[in-house]
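Heavy-atom basis, side chains included; hydrogens, waters and symmetry copies ignored.
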Amino acid sequence: MKIGITERGDAALDLSWVNACKTRQVDGCVAITKNCTPVFTRAVLDLTRDGFPVIVHATCTGWGGTPMEPNVPDFKTQLEHACWIVGVGLPASRLVFRIDPIIPTAEGLEKAKAVLDTLESFHLTRPRIRVSVMDGYRHALARMQARGCDVTGLEYQATDAQMKQVSDLLHNYPFLYETCAEPRLVKLDPKRFLQTGCVSHVDLKVMNLLPIRPWDINGQKRNGCMCLTCKTELLSNRHPCGHNCAYCYWKD
């Protein structure tokens, strides 16, 4: 079994993953995008109607349209478009709202709060929400600073105090959160988090695929990763995508 994913770029800007799904090179796909464009939406719905299981990770950090994410739509637009996909055919269990990354600064927490406030206002039934805290790569922090962003106190890993601030914010909402490779965040509020990979047994279930062996976990060389070993990357680029996000882990 192979489950494709689009972590190297954005699934709405690089549609090469669609062919791998159409030709059944993979058994299912997790398509990650910060902009649920009409072309992307059409591709997802066409595959879904053809019986191919696609899960959409609608990434929304709250920074859209700012120097941090200059070519990303504002968060309300992204959230509304993501919900629209469900309204026209994508099963609700296959839509994941992804707040990734949360930047652990006062402004970053305010951005994440705005996204969570909007999600709460939608009155969704048990929405799937994934969260992750920013990895402060040195080149990313330099890029952020060059764009006028305050990087004071940011390092590669969030401090314990910063992680608690993130946990306290998330605790204010009636949601459960999925997360991968964030064991410190989970430890702060274990009842509110489900440690599960970006490709997980939860995904196999909602894709209506037979479960694989439970020990086939941690296919990534990253501490705390819970992804299944059937996960396979579908994008080939190794550079920042057209969204030009300041915190991107790719070097310019």
Taking the side chain as everything from C-beta on, heavy atoms only, tell me whether [X] gets closer than 4.5 Å to [Y].
X    : Y    : answer
L119 : P127 : no
K22  : L47  : yes
L185 : V131 : yes
L194 : V202 : yes
M68  : C149 : yes
K111 : I103 : no
L170 : S167 : no
E182 : M163 : yes

- Task: Quick one: do N35 and H243 satisfy side chain to side chain contact (heavy atoms under 4.5 Å, CB included)? Show the steps, please.
- Result: CA-CA 9 Å; N35 189 357; H243 288 318; 4.0 Å; yes
[X]-[Y] co-clustered via ILVMFWY side chain contacts under 4.5 Å:
X    : Y    : value
M226 : I55  : yes
L109 : Y173 : yes
I3   : L228 : yes
F40  : L235 : yes
M134 : F97  : no

- Could you give all pairs that pass the salt bridge (charged side-chain N to carboxylate O under 4.0 Å, His left out) test and reach residues 145-157, with sequence neighbours left out?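 Non-adjacent pairs meeting salt bridge (charged side-chain N to carboxylate O under 4.0 Å, His left out): zero.
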- Any pair with a residue in residues 51-62 that passes salt bridge (charged side-chain N to carboxylate O under 4.0 Å, His left out), sequence neighbours left out, goes on the list, sorted by first then second residue, please.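 The answer is none; no pair qualifies.
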Exercise: identify the closest heavy-atom pair between [X] and [Y]:
X    : Y    : value
A20  : L234 : CB-CD2, 4.1 Å
D27  : P53  : O-CG, 3.4 Å
G242 : L13  : N-CD1, 3.6 Å
C198 : I5   : CB-CD1, 3.9 Å
E69  : W63  : OE1-C, 3.4 Å

- Query: Should the pair Y249 and Y137 be assigned to parallel (<30°), tilted (30 to 60°) or perpendicular (>60°) ring geometry?
  - Reply: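 Ring orientation of Y249 relative to Y137: tilted.
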- Just say parallel, tilted or perpendicular for the rings of F175 and Y177, cut-offs at 30° and 60°.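 Ring orientation, 0 to 90° scale: perpendicular.
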State the [atom1]-[atom2] distance between [X] and [Y], to the nearest 0.5 angstrom.
X    : Y    : atom1 : atom2 : value
H57  : T6   : NE2   : OG1   : 9.0 Å
E7   : C227 : CD    : SG    : 6.0 Å
C21  : F52  : SG    : CZ    : 4.0 Å
L209 : D203 : CG    : CG    : 10.0 Å
D10  : I32  : CG    : CD1   : 9.0 Å
Y156 : L141 : OH    : CG    : 11.0 Å

- If you measure only the distance, is there a donor-acceptor pair under 3.5 Å linking the side chains of E107 and T105?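 No.
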- Have D14 and S16 got a donor and an acceptor in their side chains that come within less than 3.5 Å?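 Their side chains do contain a donor-acceptor pair, which is all the 3.5 Å distance test asks for.
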Sidechain N-carboxylate O distance under 4.0 Å for [X], [Y]:
X    : Y    : value
R130 : D100 : no
D117 : K76  : no
D160 : R184 : yes

- Task: Assess whether side chain to side chain contact (heavy atoms under 4.5 Å, CB included) is satisfied between I85 and L95, documenting all intermediate values.
- Result: CA-CA 9 Å; I85 299 178; L95 173 63; 5.9 Å; no
- Message: For Y247, run the side chain to side chain contact (heavy atoms under 4.5 Å, CB included) check against L154, T61, V151, D135 and tell me which one passes.
- Response: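 The passing option is T61.
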- Where the side chain of Q78 meets the backbone of F75, is there a donor-acceptor pair that is under 3.5 Å apart?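 It does not hold such a pair.
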